[in-house]
Every structure is written in structure tokens, then in C-alpha cells.
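Keep in mind that the numbers below use all heavy atoms, side chains included, and drop hydrogens, waters and symmetry copies. Convention: sequence-line order gives letters A, B, ...; per-chain numbering from 1.
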2 protein chains.
Amino acid sequence: MADHVDLILEQWGEQRPDLDASPMAVLGRLKRLAQVADNQLRANFARHGLDSASFDVLATLRRSNSEHRLTPAGLMRSSMVTSGAITQRLDRLEARGLVTRTPSETDGRGVQVTLTAKGLRLIDGVLPGHLQTEETLLAALSKAERKQLADTLRTLLESLGDRTD
Amino acid sequence: MADHVDLILEQWGEQRPDLDASPMAVLGRLKRLAQVADNQLRANFARHGLDSASFDVLATLRRSNSEHRLTPAGLMRSSMVTSGAITQRLDRLEARGLVTRTPSETDGRGVQVTLTAKGLRLIDGVLPGHLQTEETLLAALSKAERKQLADTLRTLLESLGDRTD
DNA sequence: ATTGGATCGCTCAGCGCTAAGGGACTGGAC
DNA sequence: GTCCAGTCCCTTAGCGCTGAGCGATCCAAT
């Protein structure tokens with residue numbers, strides 16, 4: 001009936017009854033759930049010799065287009081990390097032969113990052129287990145509940161400027 | 001009508017139509033929202049010379065009991081980081097005079113961490129702005145929607161073993 | 001009374017990220 | 001054609017965390 005966040009809310013009610021801590025009921029759970037989910041998913045990545053950062057890059061390339069090719073700037077936009085982080089992620093992936101970097105033919109500053117055959121095999125091998133883990137994480141919710149939850153979260157994201165259209 | 005995650009789902013549908021990527025509609029948004037919220041909240045912490053890690057410790061001490069006192073193990077349990085991280089966080093806070101470490105009187109291994117007067121003033125000064133920022137983050141949702149969202153998230157957390165009762 | 005597994009907090013090497021900044025190149029304004 | 005603000009990717013110092021492991025202490029079983 002009560003999770004960790006309920007305890008936190010109760011404590012605030014005792015120590016600072018003057019404050020309205022109610023937003024924590026949502027945001028505290030959001031943060032905690034994201035953390036728990038991350039831990040579970042990381043275990044699956046590790047089974048394939050990956051970490052979350054590498055998976056993030058490989059999966060983004062995999063889904064982006066049929067050539068599995070993107071610029072570092074594109075990867076940066078989709079990942080919410082800095083350009084320095086992308087450079088270092090690509091260094092590691094390139095050293096393992098999972099992606100290649102080739103100069104752009106149309107922009108002297110640009111680089112094209114492409115999934116290699118080896119990288120493609122790897123990410124395609126990880127995906128089924130990844131989705132299975134995600135499915136398990138959501139097992140407590142019905143299809144209808146998931147849809148409603150997704151819709152509410154989208155409303156929030158849009159209100160915070162995460163639009164695409 | 002569409003956020004970043006809708007685009008991702010569409011891409012998976014094109015590149016891997018055989019996979020059921022629907023769990024990402026929930027988990028992708030959850031991760032992204034947690035990240036956006038963290039960024040916003042961090043800005044408020046910075047205005048008071050704090051980072052998320054320090055706020056986490058100070059707030060936990062502030063709400064825990066009237067003495068604002070806890071063991072490092074207790075802080076570790078509430079924060080989901082390793083014991084090494086707690087030691088280092090306490091080092092930083094102690095150096096700034098925001099907490100004190102005193103040997104436990106009942107357990108030769110133990111330490112009691114207590115908020116100083118200075119630490120108490122600081123955290124109480126940060127809290128109103130923190131809650132205001134959280135309120136703003138949720139502005140797009142009605143009271144009823146927030147409650148329903150919190151309930152759904154609690155269901156998930158409980159199903160993943162985050163119970164307290 | 002002794003023993004041995006569990007728990008306490010701490011240490012430290014390694015790692016990935018941020019923040020700041022640099023050189024190269026682009027493309028619109030003039 | 002020239003300029004120059006903007007964008008591209010990369011570099012690097014510094015930082016906080018993890019993961020492994022430490023000695024000290026506790027406590028239940030014998």
C-alpha cells in the first residue's frame with residue numbers, strides 16, 4: 001500500500017507541515033522509477049558487453065534510417081548529452097569496430113557515423129532481450145493503464161518543450 | 001501532438017516492424033522526463049551553491065527526524081548510491097560545515113551525521129524554490145491527473161519491490 | 001567464551017560525463 | 001569577393017560515481 005515515496009511525503013508532513021510537498025508524489029516516483037528501470041536494463045546490456053551509453057548510440061543509429069548513418073550532432077540531439085560525450089562514446093565504439101567515422105562529402109566540418117556489420121549484429125542481438133526487460137518492468141500495468149500513462153507523460157513532455165512537430 | 005518519443009517509436013516501426021517497441025512509449029518518456037526535471041531542479045540548487053547530490057543528503061537529513069540526524073547507511077538506503085559515494089558526499093558537506101560526523105555511542109562501527117545550524121538554514125532556504133520548480137514542472141496536469149499519475153507510478157514501484165510497509 | 005558471517009564506514013583506481021574552449025568550415029549579408 | 005557569426009567536431013581538466021576491497025565491530029550460534 002505504501003512505497004518509499006509515501007514515507008518521504010509523510011516525513012515532510014511531520015517536519016515541515018507548512019510546505020506543500022505534493023509535487024514530490026509525482027516527481028519523486030518518476031526519478032526513482034527511472035533509476036530502477038535503468039539498473040535493470042543495464043544488466044541486460046552487460047550480458048552483451050555493452051553499457052547504457054553504447055546501447056544508446058547503437059540503437060539510435062539502428063532505428064534512424066536504412067543506412068544506419070547519422071552525424072555526431074544528430075546523435076547529440078537525440079541523447080541529451082554534450083558533444084564531448086558523443087565524441088568519447090564514438091571513440092570507444094569505433095575502437096571496437098562497431099561504428100565507422102567518415103568525413104561528410106557535403107560539409108567539410110561534418111562526419112558521418114555508420115553502424116558496421118558487426119555493430120548491426122550486436123545491436124540486433126541485444127534488442128529482443130531489451131524489450132523483454134522493458135515489458136517485464138511494466139508487467140504490473142494493463143494495456144489501458146500503459147496507454148493512459150504514456151499519454152499523461154507525453155502531455156508533460158510537450159508542456160516542457162519536447163515537441164517534434 | 002507528438003513528442004520526441006513518438007518519433008522514436010515511428011522509426012522503430014519502420015526499421016524493425018517485427019519488434020514490439022510499445023514499452024518504450026512509457027519507459028522512454030519516463031527516462032526523458034526524469035532527465036528534464038533533473039536539469040530544471042539543478043538550476044535551482046546552483047543558485048544556492050548546491051548540486052543534486054548535496055541537496056539529496058541535506059534534504060534527507062532535514063526530513064528524517066527532529067534531530068536531523070542519520071547514519072551513512074541510512075543515507076545510502078534512501079539515495080540509491082553506493083557507500084563510497086555517501087562517504088565522499090559527506091566529506092564535501094562536512095568540509096563546508098553543513099553537517100557533522102560523530103561516532104555512534106551504541107555501535108563502534110557507526111557514525112551519526114547531523115545537520116549543523118548552517119546546514120539547516122541552507123536547506124530550508126532552498127526548499128521553497130525547489131517545490132516551486134517542481135510545481136511548475138507539473139503545471140500542465142490537473143490535481144486529478146497528478147493523483148492518477150502518482151497512483152500508477154506507485155503501482156509500478158511496488159511491483160518492482162520498492163515497498164516500505 | 002569463542003567463532004564466523006554480516007554489517008559498519010572508508011579508500012582508491014578507473015570511468016564517463018560536463019563545461020569551457022579551440023580550430024576548421026559554412027553561408028548569409030554586404 | 002569579403003566578412004563574420006554560426007555550426008561542426010574535438011580536446012582537456014576536473015568532478016562524482018562505481019566496484020572492489022579494507023579493517024573494525026557486532027551478534028547469533030555453538
**Asked** Would you call R32(A)-D3(A) a salt bridge at under 4.0 Å N-O?
**Response** no
Using residues 33-40 of chain A as the side-chain source, report each donor-acceptor pair under 3.5 Å to any protein atom, sequence neighbours left out, with the distance given to one decimal.
from, atom 1, to, atom 2, distance (Å)
N39(A), OD1, R42(A), NH2, 2.7

**Message:** Between C1' on dG16(D) and CZ on R96(B), what's the gap in Å once rounded to a whole number?
**Reply:** 15 Å
**Prompt:** Quick check: does any side chain N or O of T116(A) sit under 3.5 Å from a backbone N or O of G97(A), one acting as donor and the other as acceptor?
**Reply:** yes
**Prompt:** Separation of M80(B) atom CE from dG19(D) atom P, in whole Å?
**Reply:** 12 Å
**Request:** Can you tell me the distance, in whole Å, between the CG atom of D107(A) and the P atom of dC9(D)?
**Result:** 8 Å
**Asked** Ignoring hydrogens and angles, are the base of dT26(C) and the side chain of R109(A) linked by a donor-acceptor pair under 3.5 Å?
**Response** no
**Item:** T136(B) side chain to Q132(B) side chain, donor-acceptor N/O pair below 3.5 angstrom
**Value:** yes
**Prompt:** For L141(A), does its backbone N or O pair with a side-chain atom of R146(A) as donor and acceptor, under 3.5 Å?
**Reply:** yes
**Message:** Classify T71(B) by what it touches in the nucleic acid, base, sugar-phosphate, or nothing, heavy-atom distance under 4.0 Å.
**Reply:** sugar-phosphate
**Prompt:** Tell me, for nucleotides 10-17 of chain C in 5' to 3' order, what letter each nucleotide earns: B for a base near a protein heavy atom under 4.0 Å, S for only sugar-phosphate near one, - for neither?
**Reply:** BBB---SB
**Request:** Measure centre to centre between the rings of F55(A) and H48(A), then say whether the value is under 6.0 Å.
**Result:** no
**Asked** Just how far, in rounded Å, is C1' of dC10(D) from CG of L75(A)?
**Response** 15 Å
**Request:** Might you work through the side chain to side chain contact (heavy atoms under 4.5 Å, CB included) test for L149(A) and L153(A), ending with a clear yes or no?
**Result:** CA-CA 6 Å; L149(A) 175 53; L153(A) 296 177; 3.9 Å; yes
**Request:** Please list residues of residues 32-49 of chain A whose heavy atoms come under 4.0 Å from any atom in DNA chain D, ordered by number; otherwise none.
**Result:** none
**Asked** Taking NZ, NE, NH1 and NH2 as the nitrogens, is one of them in D91(A) or R101(A) under 4.0 Å from a carboxylate oxygen of the other?
**Response** yes
**Request:** Calculate the interatomic distance between L93(A) atom CG and dC10(D) atom P; express it in whole Å.
**Result:** 13 Å
